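Notes follow once the structure below has been shown.
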Amino acid sequence: MTDIPTWTIREAGADDAPALALIGAATFLETFAGILDGDAIVGHCAAQHCEAAYRAALADGARAWLAEAQPGGAPVGFVLVGKPDLAAARDGDIELKRIYSLSRFHGTGLGAALMKQALEAARGHRRLLLGVYAQNERALAFYRKQGFADLGTRRFNVGGKLYDDLVLARPLAA
């Protein structure tokens, strides 16, 4: 019998930017190595998963929750929500910017727990939007199970290369 990893979740602040950057880059690499161009992954992570990027997002009103392995408190996942940066966004929408966890923690309920935090943060908004790589079947299945439906498409820049994303939306109770 294998031990199921345990974790706790807490709201993250600016001082957690190094942990968010580490998890962001690690999970992006873990998810897309062998799928997307390696140089594009490195460039994307250097620009989008650096401490400064997370500090800037939080300073601009985004909110994040950090999952930490227990015992020890090592960062293993997070969720980040903020102002929409999607063409499909309308007044009253909020965007799920990122929901990441190390694969070792998949199947432990961590994804659903992080999504619960995102939904609580989105309370009072009309819809929760997100963009996801169109070929990421695991993520798409998770989002659809969480009540998201296709809204449109976009081209997503990963380190200077464009990839197809789906834009999904989940209506929220008023």
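In this text the structure is predicted, and so the values were computed from the model without any measurement.
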Any donor-acceptor pair under 3.5 Å from Arg55 side chain to Ala14 backbone: yes
Joint cluster assignment, Val167 & Val81, ILVMFWY side-chain distance < 4.5 Å: no
Spatial distance of atom CD (Glu120) from atom CZ (Arg63) [nearest 0.5 Å]: 9.0 Å
Hydrophobic cluster membership, Leu66 vs Leu22, 4.5 Å side-chain cutoff: no
Mutual orientation of the aromatic rings belonging to His49 and Phe28 [parallel < 30°, tilted 30-60°, perpendicular > 60°]: tilted
Audit row: Leu102, Glu30, side-chain contact (heavy atoms from CB on, under 4.5 Å) steps and yes/no: CA-CA 8 Å; Leu102 296 176; Glu30 184 181 54; 4.2 Å; yes
In one Ile/Leu/Val/Met/Phe/Trp/Tyr side-chain cluster, 4.5 Å: Phe142, Trp7: yes
Validation row: Met115, Leu96 side chains within 4.5 angstrom (heavy atoms): yes
Shortest non-hydrogen separation from Phe105 to Leu110 and the atoms involved: CB-CD2, 3.9 Å
Shortest non-hydrogen separation from Ile9 to Leu114 and the atoms involved: CD1-CD2, 3.8 Å
Nearest heavy atoms of Ala40 and Tyr163, plus distance in Å: CB-OH, 4.2 Å
pair Ser101-Val76: side-chain heavy atoms closer than 4.5 Å: no
Spacing of Leu20 atom CG and Asp15 atom CG [to the nearest 0.5 Å]: 11.0 Å
Distance (rounded to the nearest 0.5 Å) between Arg126 CZ and Asp91 CG: 8.5 Å
Point-to-point distance, once rounded to the nearest 0.5 Å, from CD of Glu95 to CG of Leu86: 4.0 Å
Closest contact, heavy atoms only, Ala53 versus Gln48: CB-O, 3.7 Å
Side chain to side chain, Phe148 and Leu129, heavy atoms closer than 4.5 Å: no
Validation row: Arg127, Leu151 side chains within 4.5 angstrom (heavy atoms): yes
Residue pair Asp164 / Arg154, side-chain heavy-atom distance below 4.5 Å: no
Check against side-chain contact (heavy atoms from CB on, under 4.5 Å), Arg170 and Leu119: CA-CA 10 Å; Arg170 176 177 167 165; Leu119 291 168; 3.2 Å; yes
Minimum heavy-atom distance between Gly77 and Ile23, given as atom pair plus value: CA-CG2, 3.8 Å
Backbone N/O of Leu162 and side chain of Asn157: donor-acceptor pair under 3.5 Å: no
Qualifying residues under side-chain hydrogen bond (donor to acceptor under 3.5 Å, both in side chains), relative to Glu68, sequence neighbours excluded: Arg10
Within-4.5 Å side-chain heavy-atom neighbours: Val132 and Phe156: no
Residue list, side chain to side chain contact (heavy atoms under 4.5 Å, CB included) with Thr31, at least two apart or on another chain: Asn136
Connected via hydrophobic side-chain network under 4.5 Å: Val158 and Val42: no
Donor on one side chain, acceptor on other, Thr8 and Gln70, under 3.5 Å: yes
Note: Lys83-Asp60 ion pair, threshold 4.0 Å (strictly below): yes
Student check: side-chain heavy atoms of Leu166 and Leu140 closer than 4.5 Å: yes
ring-ring contact (aromatic ring centres under 6.0 Å, His included) partners of residues 58-91, not counting sequence neighbours, each pair once: Tyr54-Phe78, Phe78-Tyr100
Shortest non-hydrogen separation from Ile94 to Gly82 and the atoms involved: CG1-O, 3.3 Å
Point-to-point distance, once rounded to the nearest 0.5 Å, from CD of Gln117 to CG of Leu80: 13.0 Å
Interatomic distance, Thr153 atom OG1 to Leu168 atom CG [nearest 0.5 angstrom]: 11.0 Å
Residues Lys161 and Asp39 bridged, charged N to O under 4.0 Å: no
